[in-house]
Amino acid sequence: MCCQAYWHRVAPGLTGVNRRGRPAPSLRHVKPSRGTLCQSGKVMTNTHPIVFRTEGLSKVYETGTLKVHALAGVDLQLYGGEFTVLLGPSGSGKSTLLNILGGLDHASAGRVWFRDLELTGLSERALTRYRRGHVGFVFQFYNLVASLSARENVQLVTDVAIDPMAPDEALDRVGLSPRADHFPAELSGGEQQRVAIARAIAKRPEVLLCDEPTGALDSKTGTAVLDALKQINETMGTTTVVITHNAAIRGMAHRVIRFADGKIADVTVNQTRLAPQDISW
Amino acid sequence: MKALDLKLMRDFQRLWVQGVAIDVVLACGVAILLTAFGMHRALVDTRDAYYERNRFADIFAEARRAPLSLLEEIRAIPGLRMLEARVQGMAVLDLPDRDAVAMGRLLAWPEDGAPLLNLPILRSGTPPERPGEVMISDAFAKANGFVPGDVFSANINGKARDLTITGTAVSPEFIYTIGPGALMPDNAGFGILWLTQADIASAFDMVGAFNHLALRLGIDAVPADVIEALDQLLDPYGGRGAYGRDSQISDAFVAAEIDQLRAMAMVVPPVFFAIAAFLVGMVMSRIVTLERAEIGLLKALGYGDGQIALHYLLLAGMIAGLGVALGWVAGSILARAMAGQYAQFFDFPYLIFHVPGWVYAMSALAGLASTLVGALRAALIAARLPPAIAMQPPAPPVFRKTGIDRAMAALRLRQTTTMVLRSLIRWPLRSALTAVGLGAATASVIAAGFMFGALDRIIDLAFNQTYRQDAAILLSAELPISALVDIRRLPGVMQAEAQQFHPATLRRGPREKRVSIEARPYGAELSRVIGADGTAIEPPPGGILLSDRLAAQLEAGVGDRLWVSFHTGQRETHEMVVAGLIEQYFGLGAYVEMGHLDQLFRRSPQMSVANILYDPAMLPDLQRALHATPLLGGVIEMTENRQSFQETISENVVVVNGVYAVIAVLITIGVAYNAARIQLSERARELASLRIIGFSRAEVSLVLIGETMLIALVAQPLGWLMGALIAAALARGFSSDIYAIPLVLAPADFARASLVVLGASLASVLIVRRRIDRMDLVAVMKTRE
């Protein structure tokens, strides 16, 4: 299922022409590489392309005299259409990894590829182009622009994306059409996070990177947000990475990667996935 | 509309109070630039057009009595294009509803049509055609309520005559009309009168002769050469030295005003633009700090660094746009008000008031550029902010223990006081910039107010110390000093002193200046010369006292020798030693001792002016007696001059300076309000925490008020210094040959400026304080910084 969705969505981009018939230069150099493993809930096949690949990825933060090794040599592969949960305590390097994968931050050492595009060493300008073309972000604190309504917050993305969906379609996918004209201050936390998800998916990203998307939410609203993420992953085939503290969420992932001290502690493949409704905390 | 543009609009709406606070300052700069440049342009254009259309002369010359046959020779001077000779003279006027003596300058009106040069423009009626008919200057007619057909009496060369007004006119020669010896224009007491050539020639015994020449030069003429040639030709006929437009009184006043406007345009607006840039920088830095997470988000969404920088620059641009628009409106109104003022002082037949497009464009550009410069740093910070860092809360600022902290600990300061002091010390640049902003506000009050002190000083020096006479009686010819006895016998005269005026040219090396030398007897009490130390000084025999501006123009110092060529009497040239320099605000004065001068001229003591003190109760008798006095050239009422001067000040200077003071207060509010708002937004969490811990509102407010007021206090000495510098620049810019503005700054000026700024700062911070009272403690604590 996920493979089909993947090819349906990405193929036009790979030919260098997007669905509106315009050249998509940022996609030209990004070709899918064949992975050896595909994880579609039960079975992994070699038909699934590798979306992200890292080799010895390290990140050192220097604050004054103090050196913090946020990432200490991470080797990882993430596959097309995969829903991955990154678990781990604070400071274990999850967010740093997500930032580097999303082109928000540079690695101190090691290499990282998005398909065959090496992100390490890209200029700020190229990283901006990469984010604009391929990555959707969802953050713990929603990060909505307070002075823009729900629709306008989504429009913020559709204005600059290469082949976006209509803002209302994106809001519809997270079930927020009726609240499109409300400002963030008039929305509940769950609603705000769903706007953030709508905003992230509106550009039809190949990857959706979510940093603690339910971290500020209660169980009920959190479930609604998770459901929205699952829907996107399944219907659009978007490779989804979710960081969480919340171990309960791991049940809905294809794969769960646990971090500790800047390294991957272990990887678990879920043979059966939980539906978001069955998750609570 | 794009979502980012929507954000821009909404941000701008949200910031409107702060934006308006900045815009008021910016608008002041734009408005003053527009007004000063616009009026400068208008005056230059109007003057040039008026001079060109009405053939205002380039060179003027006066002689005692030159034959018309001399004109053949004068016409042969190379470079000459047009030439007109006329007869002119002075007359004492007896106006129907005026007790005081009025004076008129009589000019000949050619029988064969209009004058060739300095062509008057008829405002009503017709020019004079027959003897006994007179056309008068428009301002004189208006001030006295004269209309064509009215009759008044004039004492022309000792003969009383009735003159019938046929018309009124304005002339490029008399855009600014000031009577001989007067310090202020007096339209009711001094007028220009045109009589027919035949009439005036016979009245002054000038048939076949002239005593005034006006010349227009070709473009290739060298004015100095023409003046030289003219002086030589006129010398045998009592020539008084030819002069160019720069020494023509009316033109000199107009030129001085034009220079003043340029000085104002150069000095004042940059101050406002700098403050506006500073305010924009302050507010934009804070916005970028507050929107850190949003900036990170926008970058995560794929917005480029350039787009982000542009976004914030556009916000500044919108502030600039509003400010410029406000400035244009205010500038247009101000320019109209100023045009009205000019109409009061200058008699232009029209005012070419058209602020050129480039002035609007330039003011807009200056406004926009200053805001963008102000916002640039913040925009670059936003552009450079790495997205991953931007989305994390900023690290708490690093505080370290320093000697100052140990001192604070030793003083056992309260924690809230420590907070205030520490934040000042930890952000020295920001504290310093805020202090500079508030200092600029203080400076603007000082710069606006210095004119009051300066004018007080001018009035005191001119009227209380120098010109202490009640009136000066001008004689139509030089008389033996024994005439003083007759003057002392006039009703009400309590004291009388003789004085002489001599037009002369002072030369020192290649430099020369045409001035009027005042000679007074040793020990004169009524009209004195005041030295730089404030005491009366007497020119020693053989010595000459110069006003410091005249000395500067001649590059002469005390002890230097000057050649003085007198244009009166035997027209001799004598060498004199500069005996001292005096500070003087009106004209370029030169003073010698009268007794010595008479010796130098080898003649018995003479006088041309009598300065008198009179008993005010006897004034009507005195005025009647004066009207009947033969050889009276005119009367200068010093009391009237003083009144007129003070009225002018109260009408104009006070209004203009009132506007400046309001502007200064607005600057203060702009700076203090923005500073306090920014502080509140930075400290909201801290202050809320203090409230939660149990501090009272008053105690918490003290942190906010304390910091702003402490900076405001520190800013004061800086403001005094800046204010003094700006005032000095203005005083320099306003000075011309005609007058100088002294730089008078009393401690009271500094104190008043500081009080205004401290008061406005306190008011601004109290307005912001109200936000602390309304602060939702829980909400503030929950907000992620």
Side-chain angles (χ1 to χ4, degrees), chain A residues 26 59 61 63-64 70 95-100 102-106 123-162 164 167 183 185 196 199-200 202-203 205 209 211 216, chain B residues 1-16 287 290-312 314-315 318 380 382-400 681 776 779 782-785:
Chain A
S26 58
K59 178 74 185 177
Y61 288 112
T63 44
S95 294
T96 306
L97 175 69
L98 206 71
N99 285 342
I100 293 174
L104 289 179
D105 207 350
H106 290 282
S123 68
E124 279 304 325
R125 190 180 289 268
L127 280 181
T128 301
R129 226 171 23 235
Y130 158 67
R131 291 196 298 266
R132 187 184 295 194
H134 308 285
V135 191
F137 286 101
V138 177
F139 303 101
Q140 178 179 4
F141 292 102
Y142 334 130
N143 279 350
L144 298 183
V145 175
S147 57
L148 297 179
S149 68
R151 183 187 290 112
E152 289 157 358
N153 261 290
V154 177
Q155 201 194 326
L156 214 44
V157 164
T158 59
D159 281 344
V160 293
I162 294 150
F183 283 88
R199 185 175 62 186
K203 69 166 78 156
L209 306 178
D211 194 347
Chain B
M1 189 182 270
K2 296 220 168 193
L4 201 60
D5 299 333
L6 278 173
K7 173 181 179 306
L8 192 64
M9 296 294 181
R10 303 226 172 99
D11 285 349
F12 185 61
Q13 274 172 24
R14 187 165 52 85
L15 288 168
W16 76 270
I287 290 171
L290 283 178
E291 294 192 349
R292 212 179 133 93
E294 289 186 0
I295 292 165
L297 167 91
L298 288 172
K299 290 191 175 184
L301 294 182
Y303 283 86
D305 295 350
Q307 277 171 299
I308 305 272
L310 188 67
H311 175 69
Y312 288 100
L314 278 175
L315 187 59
M318 287 177 78
L380 286 180
R384 289 193 192 128
L385 206 56
I389 308 255
M391 297 217 278
Q392 271 157 29
V398 181
F399 284 91
R400 278 193 206 93
S681 86
D776 178 349
K782 271 190 178 168
T783 315
R784 196 176 76 122
E785 257 285 305

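So that the names make sense, note that chain A is the first sequence line, chain B the second, and so on, each numbered from 1.
- With a 4.5 Å cut-off on side-chain heavy atoms, A:D159 and B:Y303 count as touching.
- Taking both residues in full, the closest heavy atoms of A:G103 and A:R131 are given as O-NH1, 2.6 Å, listed atom of the first, atom of the second, then distance.
- Between B:M318 and B:M9, some side-chain heavy-atom pair lies under the 4.5 Å cut-off.
- Only the side chain of A:E124 comes within less than 4.5 Å of a heavy atom in chain B; its backbone stays farther off.
- Interface summary for chain B: among A:L156, A:T158, A:L127, A:T128, the most heavy-atom pairs under 4.5 angstrom belong to A:L156.
- The contact between A:L144 and chain B is made entirely by backbone atoms, counting heavy-atom distances below 4.5 Å.
- Chain B forms more heavy-atom pairs under 4.5 Å with one residue of A:D211, A:D105, A:V160 than with any other, namely A:V160.
- Ring geometry, A:F139 versus A:F137: the interplanar angle falls under 30°, so the pair is classed parallel (tilted spans 30 to 60°).
- Contacts of B:E291 with chain A are absent, with no heavy-atom separation under 4.5 Å from either backbone or side chain.
- Considering only heavy atoms from C-beta on, B:L385 stays 4.5 Å or farther from B:I308 through its side chain.
- In this structure, chain B has no heavy atom under 4.5 Å from any part of A:R151.
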